[in-house]
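Since the structure comes first, as structure tokens, the remarks are kept for the end.
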Amino acid sequence: MENLSTLMGKYGDEGDKLIFKILNSGNFMSSVSPESPMYKGNFNVVRDPNTGLMKVDTEKISKDLLPAISEKALRYDLTVPFARYVVQHQNEISFPFKRYQIQPVWRADRPQKGRYREFYQCDADVIGSNSLLNEVELVQMMDDVFTALGLGVMIKINNRKILSGIAEVIGEKEKIVTITVAIDKLDKIGKDGVNKELQENGVSDAAIQKLQPLIEFTGSTAEKLNFLRSLLASSEIGLKGIEELEYVFKTVDASGLSTANVELDITLARGLNYYTGAIFEVKVNDSRSEFTSSITGGGRYDDLTGIFGLPNMSGVGISFGADRIYDVLLELNLFPESVTASTKLLFVTFGEAEQTYCLPLLSRVRKAGVNAEVYPDANAKMKKQMGYADDKKVPFVVIVGGDEMQSGQLAFKNMTSGEQEKLTIDQIIERLM
RNA sequence: GUGGUUGUAGUUCAGUUGGUUAGAACAUCAGAUUGUGGUUCUGAGGGUCGUGGGUUCGAGUCCCAUCAUCCACCCCA
């Protein structure tokens with residue numbers, strides 16, 4: 001949970017709407033009085049344009065009322081609260097500061113495929129360093145993670161400075177957000193759709209014309225960079241962006257990636273208000289999957305801490321979307337069976353005496369580092385206990401009855417092969433190590 | 001915020017022009033099998049048909065409202 005004021009205004013107008021607000025605890029109306037702003041202007045009575053009748057302007061009241069009854073909100077992401085944390089603890093932190101954080105965040109959005117009201121983000125950030133090596137390390141981290149998960153991905157990289165340069169060069173510097181939002185939709189609505197949207201949002205025809213070679217351009221990352229260099233020749237910030245991208249691609253290339261692919265995607269905007277340099281987005285790049293949503297994103301922010309009173313603190317970070325990644329792994333059946341097999345050895349017994357006999361053995365097995373359990377219901381039938389082991393994919397079972405207690409030679413069964421042999425507990429532990 | 005979809009057993013779904021006691025599969029539980037799991041066979045339990053109202057002799061079925069759900073738009077910070 002965060003103070004509402006910490007979150008508001010950080011994610012743009014749309015973001016403000018999507019923050020889950022929380023009513024004040026206790027009497028949440030206690031701070032509402034006749035002196036409250038909501039009462040001013042005679043309850044904000046307005047004429048309804050449709051009916052011509054007078055009515056209370058509930059929208060206005062709602063807006064005025066909100067600050068009085070809600071001071072807290074659910075985290076919208078992990079990055080802004082992280083920036084707040086860094087500012088508050090700036091004297092205790094040595095920079096550059098690295099941290100990871102895995103926690104749920106909330107959106108008051110209407111849920112749909114791949115979009116949840118509550119979902120887990122896994123953030124990794126480095127703050128307090130301008131070095132582009134951090135960008136490279138994050139790319140390597142993404143490669144490591146998705147390689148380990150066995151998922152083919154495309155890491156798309158862009159740079160906010162290039163987007164600024166483009167807006168500058170086509171003479172629509174102030175319309176950068178409109179332009180990037182529109183270009184971002186290129187693969188979805190096509191070139192004509194993008195142009196239409198730009199036009200509707202007041203971008204001049206001349207500017208749109210200048211933009212055409214850019215959205216039509218195709219080629220390798222190196223070709224794109226060359227193309228951009230000529231296009232953005234007059235833009236200082238644009239050239240800076242190219243320089244940064246060149247370093248990142250060159251260094252990533254030199255260090256080598258295991259399985260992930262990287263590409264420069266000029267249309268990548270990620271609408272994020274606070275990104276100032278690199279922008280990352282990861283999409284599934286696997287012929288077996290239909291998944292089109294991004295599963296990881298991030299970028300560099302130069303002044304996120306500035307909002308909370310600590311200027312000149314640049315950071316860069318990424319956020320893995322745990323739920324979407326889970327969805328993809330589920331779709332592709334990439335969860336190994338061993339994930340659900342937490343218990344390695346199950347003691348099957350024939351009664352309370354046997355169960356009691358097993359308890360010290362259980363401790364010994366556990367101390368040896370083997371996950372084990374005794375079936376808790378001492379009177380359960382053997383079929384039941386074996387069925388439990390089977391369902392849980394427990395690979396080994398020890399069966400203990402009167403004979404075993406006498407001899408110390410326990411029936412050790414391999415559930416996969418069905419083979420069974422008589423062994424002492426020490427021999428069993430040895431087998432499982 | 002806008003448009004649409006679907007709400008029936010634990011799950012996935014049938015359910016005729018409105019008509020007797022709302023079905024199936026899978027899952028669960030029990031038995032076949034008293035020291036051995038998966039397969040098979042037999043049986044059993046499990047439903048306020050999302051909720052509230054209305055029409056009707058009669059509503060799972062038709063109408064209205066409401067809640068939830070999923071999909072798309074907007075947006076994706």
Side-chain angles (χ1 to χ4, degrees), chain A residues 6-20 58-59 62 73 75-83 105-117 119 121 123 160 177-178 180-182 184-185 188-189 193 197 200-201 267-276 279-281 283 292-299 301 304 307 317 319 321 323-324 327 337 346-351 354 375 377 379-406 410-422:
Chain A
T6 303
L7 266 26
M8 291 296 280
K10 310 299 185 296
Y11 311 103
D13 292 344
E14 191 72 23
D16 285 352
K17 283 186 212 158
L18 297 181
I19 293 170
F20 258 112
T58 52
E59 201 170 314
S62 167
R75 264 193 310 270
Y76 190 75
D77 69 2
L78 301 180
T79 310
V80 168
F82 171 59
V105 299
W106 293 268
R107 302 286 154 89
D109 203 358
R110 227 177 256 218
Q112 55 181 278
K113 190 173 196 138
R115 317 181 86 172
Y116 307 104
R117 288 218 168 112
F119 56 98
Q121 289 192 336
D123 269 37
R160 180 63 179 251
V177 174
T178 305
T180 51
V181 166
D184 190 42
K185 294 180 190 164
K188 207 171 170 186
I189 60 178
E197 183 162 326
E200 284 169 358
N201 285 290
T267 70
L268 178 60
R270 283 199 66 74
L272 264 165
N273 301 34
Y274 50 66
Y275 289 149
T276 52
I279 304 172
F280 302 115
E281 182 169 290
K283 296 214 164 175
T292 52
S293 314
S294 69
I295 53 175
T296 292
Y301 39 91
L304 208 43
I307 311 165
S319 182
D323 302 76
R324 285 184 177 181
D327 288 344
E337 204 168 73
L346 177 74
F347 288 86
V348 170
T349 65
F350 287 98
E354 287 87 344
Y375 194 84
D377 183 352
N379 298 313
K381 290 184 178 168
M382 186 147 207
K383 179 185 168 71
K384 179 100 180 162
Q385 300 189 50
M386 296 296 284
Y388 172 78
D390 198 42
D391 278 349
K392 271 192 78 166
K393 310 272 185 247
V394 178
F396 300 100
V397 159
V398 169
I399 300 164
V400 179
D403 297 349
E404 286 81 1
M405 284 206 292
Q406 292 247 310
L410 311 179
F412 179 70
K413 176 160 180 156
N414 179 327
M415 291 296 280
T416 314
S417 65
E419 284 166 19
Q420 192 169 321
E421 53 189 320
K422 292 266 184 176

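Below, read A as the first sequence line, B as the second, and so on, with proteins coming before strands; counting in each chain starts at 1.
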| Watson-Crick and G-U pairing of RNA chain B, under 3.5 Å, as dot-bracket with | and [ ] | ((((.((..((((.....[...)))).(((((.......))))).....(((((..]....))))))).))))....

Hey, does [X] reach any base, or is it just sugar-phosphate, or nothing, if we go heavy atoms under 4.0 Å?
X         : result
Glu281(A) : nothing
Tyr76(A)  : base
Gly9(A)   : nothing
Gly418(A) : base

| request: Consider the side chain of Ile399(A), meaning its heavy atoms from C-beta on, and name the nucleotide among C70(B), G35(B), C74(B) that approaches it most closely. | output: G35(B)

[M] and [N], which share atom name [atom1], separated by this distance in whole Å:
N      : M      : atom1 : answer
C64(B) : G45(B) : P     : 39 Å
G31(B) : C67(B) : C1'   : 44 Å
G18(B) : C63(B) : C1'   : 13 Å
C70(B) : U11(B) : P     : 14 Å

Any donor-acceptor N/O pair under 3.5 Å between [N] base and [X] side chain:
X         : N      : answer
Arg110(A) : U2(B)  : yes
Arg115(A) : C70(B) : no
Glu354(A) : G35(B) : no
Gln385(A) : U36(B) : no

| task | Give a yes/no on whether any side-chain N or O of Lys17(A) is located under 4.0 angstrom from OP1 or OP2 of C74(B). | result | no

| Closer than 4.0 Å, any side-chain N/O of Gln112(A) to the OP1 or OP2 of A72(B)? | yes

| request: Summarise protein proximity over nucleotides 26-31 of chain B in one line of letters, 5' to 3': B for base, S for sugar-phosphate only, - for none, counting protein heavy atoms closer than 4.0 Å. | output: ---S-S

| Ring geometry between Tyr375(A) and Tyr388(A) (parallel below 30°, tilted from 30 to 60°, perpendicular above 60°) | perpendicular

| field | Cation-aromatic face contact Arg107(A)/Phe20(A), 6.0 Å, 45 degrees | value | no

